[in-house]
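Letters A, B, ... mirror the listed sequences (proteins, then strands); counts begin at 1.
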There are 2 protein chains.
Amino acid sequence: MRGYDKHAFEPFAVTVDLAVLTLRAGALHVLLVERGQEPYAGRWALPGGFLLPEESAETAARRELAEETGLADVTGLHLEQLRTYSEPGRDPRMRVVSVAFAALLPGPPEPHAGTDAAEARWVPYEKAGPLAFDHDRILADARTRVGAKLEYTCLATAFCPAEFTLGELQQVYEAVWGTPLDRPNFRRKVLATPGFVEPVPGAARLTGGRGKPAALYRAGTATALNPPLLRPSREGRPA
Amino acid sequence: MRGYDKHAFEPFAVTVDLAVLTLRAGALHVLLVERGQEPYAGRWALPGGFLLPEESAETAARRELAEETGLADVTGLHLEQLRTYSEPGRDPRMRVVSVAFAALLPGPPEPHAGTDAAEARWVPYEKAGPLAFDHDRILADARTRVGAKLEYTCLATAFCPAEFTLGELQQVYEAVWGTPLDRPNFRRKVLATPGFVEPVPGAARLTGGRGKPAALYRAGTATALNPPLLRPSREGRPA
DNA sequence: CCTTTAATAGTCAGTACGACTATAAAGAGG
DNA sequence: CCTCTTTATAGTCGTACTGACTATTAAAGG
């Protein structure tokens, strides 16, 4: 804050950009909007918009999330601030500083009917081609951050509906990490972590197709995983 | 980015705030500046300042870091973006959006001679009383983030000079976590992690006082710790 | 009725880690 | 010079956790 009171300062435009992630059919998807105007006309981009004068970035992000997804109630959805992107050239028209967020939706959400003009679509993460601005980087950062937080927090339940099976929870990990996991081991680890999930009491069971019906669980009260649930080591361990 | 081209937008002042951390005599210290003017005149605050028109937040943070510490070369110092604070009321004078950073300095740095007017001082983390604005929160977030990254990255070496002993490295963990660690176990873990540290070849040894002289190590090439070095569990494990 | 599919149960060995004890190499003080 | 203190380093032991498996159960489909 030095020089705060005596020097002139430059005003900046401040926006929020959202990487809205969800699981559809076991695959990670991201919500994208198509740009109608230059620059990057016709390219897909992350949803976002300007901060209003009396809004925090978190408030603006939640407002944009509601507008873009068309969901009536976005309270309770997990919103995570990623970082702020401020390189001078990131928007060719003017100086824009953007606060990026990741939002996690329980799937599968409706095909989406935006309240606004711009078209919005769920796109598989892998096929989210070159995006406008620096949104490729923001999207990659979102996946990296969410993947890391899956290891040591209970964040995975944010992708699941109120009641879910352990198989669905495992799909979250597999989709975000891009790695298959051993089912018995995953189950053992999740159940051994106090407060991660709790069984739905009424011996309730869900049947989606063939196979033995799975027990239902709810998110527990814990927020941290201790010890963490580490992904299969990226660097090859010695055989 | 919806509405990007058609709606008016509010300009904001954008600043960076820095939590500059280091170790002095085994204790975590933070660099603070005393405010000369209202609001919060006489209170201590984190150093920081406005973004210049052609600067990214990272560039501005490194510039402020050089100015405030008086260090000739701040390249190579670890700078970590924490998050952006944008609550409307955080500065009583005007709407200010601040991108916060944590900077890690190898200790012990000189008592500090700022190039600027404002007085700057190293203050033990625990005694960094109520700070101006929302800087208490930023400082707490900095410690939380750094403490977490110590667990699964090689960040601790950023607090150490080019060559250091394992005892010094352990002091980093103990100061940031506020927990004593078992020395043999710490040593075993660090040496067992490939690429974390590498011995200085010339059988070099350092003597600081009494006791057996310790071997010197350099930071290795690894950036991630796999498996992580977990702190003694916060939640009490069953006996 | 048999096959397929998915959930759940259980085994087993290797690794990692917490809690220790023991030894080595320096300085300080008599 | 000898001993005490201090710090670094070496090693031990038992438990917890995990990865890689195999086995069983309960549904759907033909």
Side-chain angles (χ1 to χ4, degrees), chain A residues 25-26 150-152 160 163-174 177 179-194 196-197 199-200 203-217 224-239, chain B residues 25-26 150-152 160 163-174 177 179-194 196-197 199-200 203-217 224-239:
Chain A
L150 288 187
E151 293 196 327
Y152 55 95
C160 296
E163 301 188 342
F164 52 88
T165 67
L166 293 186
E168 290 165 353
L169 189 66
Q170 183 175 344
Q171 280 194 336
V172 173
Y173 280 88
E174 293 179 329
W177 287 349
T179 324
L181 298 176
D182 179 82
R183 198 188 292 262
N185 289 343
F186 178 82
R187 172 189 189 78
R188 184 218 298 160
K189 172 69 182 172
V190 170
L191 294 181
T193 302
F196 191 1
V197 298
V200 174
R205 286 165 177 274
L206 170 81
T207 172
R210 18 176 194 276
K212 182 175 176 178
L216 286 178
Y217 293 85
L225 259 45
N226 203 308
L229 204 169
L230 300 175
R231 77 187 88 184
S233 59
R234 325 96 172 102
E235 28 245 311
R237 280 192 216 204
Chain B
L150 287 188
E151 293 196 330
Y152 55 94
C160 296
E163 299 187 343
F164 52 88
T165 68
L166 292 186
E168 291 167 352
L169 189 66
Q170 183 176 343
Q171 280 193 337
V172 173
Y173 280 86
E174 293 180 330
W177 287 350
T179 323
L181 299 175
D182 179 82
R183 199 188 291 266
N185 289 342
F186 178 82
R187 173 189 188 76
R188 184 220 294 161
K189 174 66 183 172
V190 170
L191 294 181
T193 303
F196 191 2
V197 299
V200 174
R205 284 165 177 276
L206 170 83
T207 172
R210 15 177 198 279
K212 180 174 175 179
L216 286 178
Y217 293 85
L225 260 46
N226 203 305
L229 204 168
L230 299 176
R231 77 187 88 184
S233 60
R234 323 98 171 102
E235 28 246 310
R237 280 193 218 202

- Taken to the nearest 0.5 Å, the spacing of B:R188 CZ from B:D182 CG works out to 8.5 Å
Between [atom2] on [N] and [atom1] on [X], what's the gap in Å once rounded to a whole number?
X      : N      : atom1 : atom2 : value
B:E168 : D:dT7  : CD    : C1'   : 13 Å
A:N185 : D:dC21 : CG    : C1'   : 9 Å
A:L181 : D:dA20 : CG    : P     : 11 Å
B:Q170 : D:dT7  : CD    : C1'   : 11 Å
B:K212 : D:dA8  : NZ    : C1'   : 5 Å
A:E151 : D:dT18 : CD    : C1'   : 14 Å
A:D182 : D:dT22 : CG    : C1'   : 11 Å
A:L166 : C:dT8  : CG    : P     : 6 Å

Is there a side-chain contact between [X] and [Y], using heavy atoms and a 4.5 Å cut-off?
X      : Y      : answer
A:C160 : A:T165 : no
A:V190 : A:Y217 : no
A:E151 : A:W177 : yes
B:L230 : A:Y152 : no

- Message: Go nucleotide by nucleotide along DNA chain C from the 5' end; which of A:R188 and A:R183 gets its closest nucleotide reached first?
- Response: A:R183
- Message: With a 4.0 Å cutoff (strictly under), does any side-chain N or O of B:K189 reach OP1 or OP2 of C:dC17?
- Response: yes
- Item | Phosphate-side-chain proximity, B:R187 and D:dA10, N/O vs OP1/OP2 below 4.0 Å | yes
Picking from [options], which would you name as closest to the side chain of [X]?
X      : options                : value
B:P213 : D:dT9, D:dG29, C:dA26  : C:dA26
B:P227 : C:dC17, C:dG27, C:dC20 : C:dC17
A:A214 : D:dT9, C:dT8, D:dA20   : C:dT8

- Message: Using heavy-atom distances to pick each residue's nearest nucleotide on DNA chain D, tell me which of A:P184 and B:Y217 is more 5'.
- Response: B:Y217
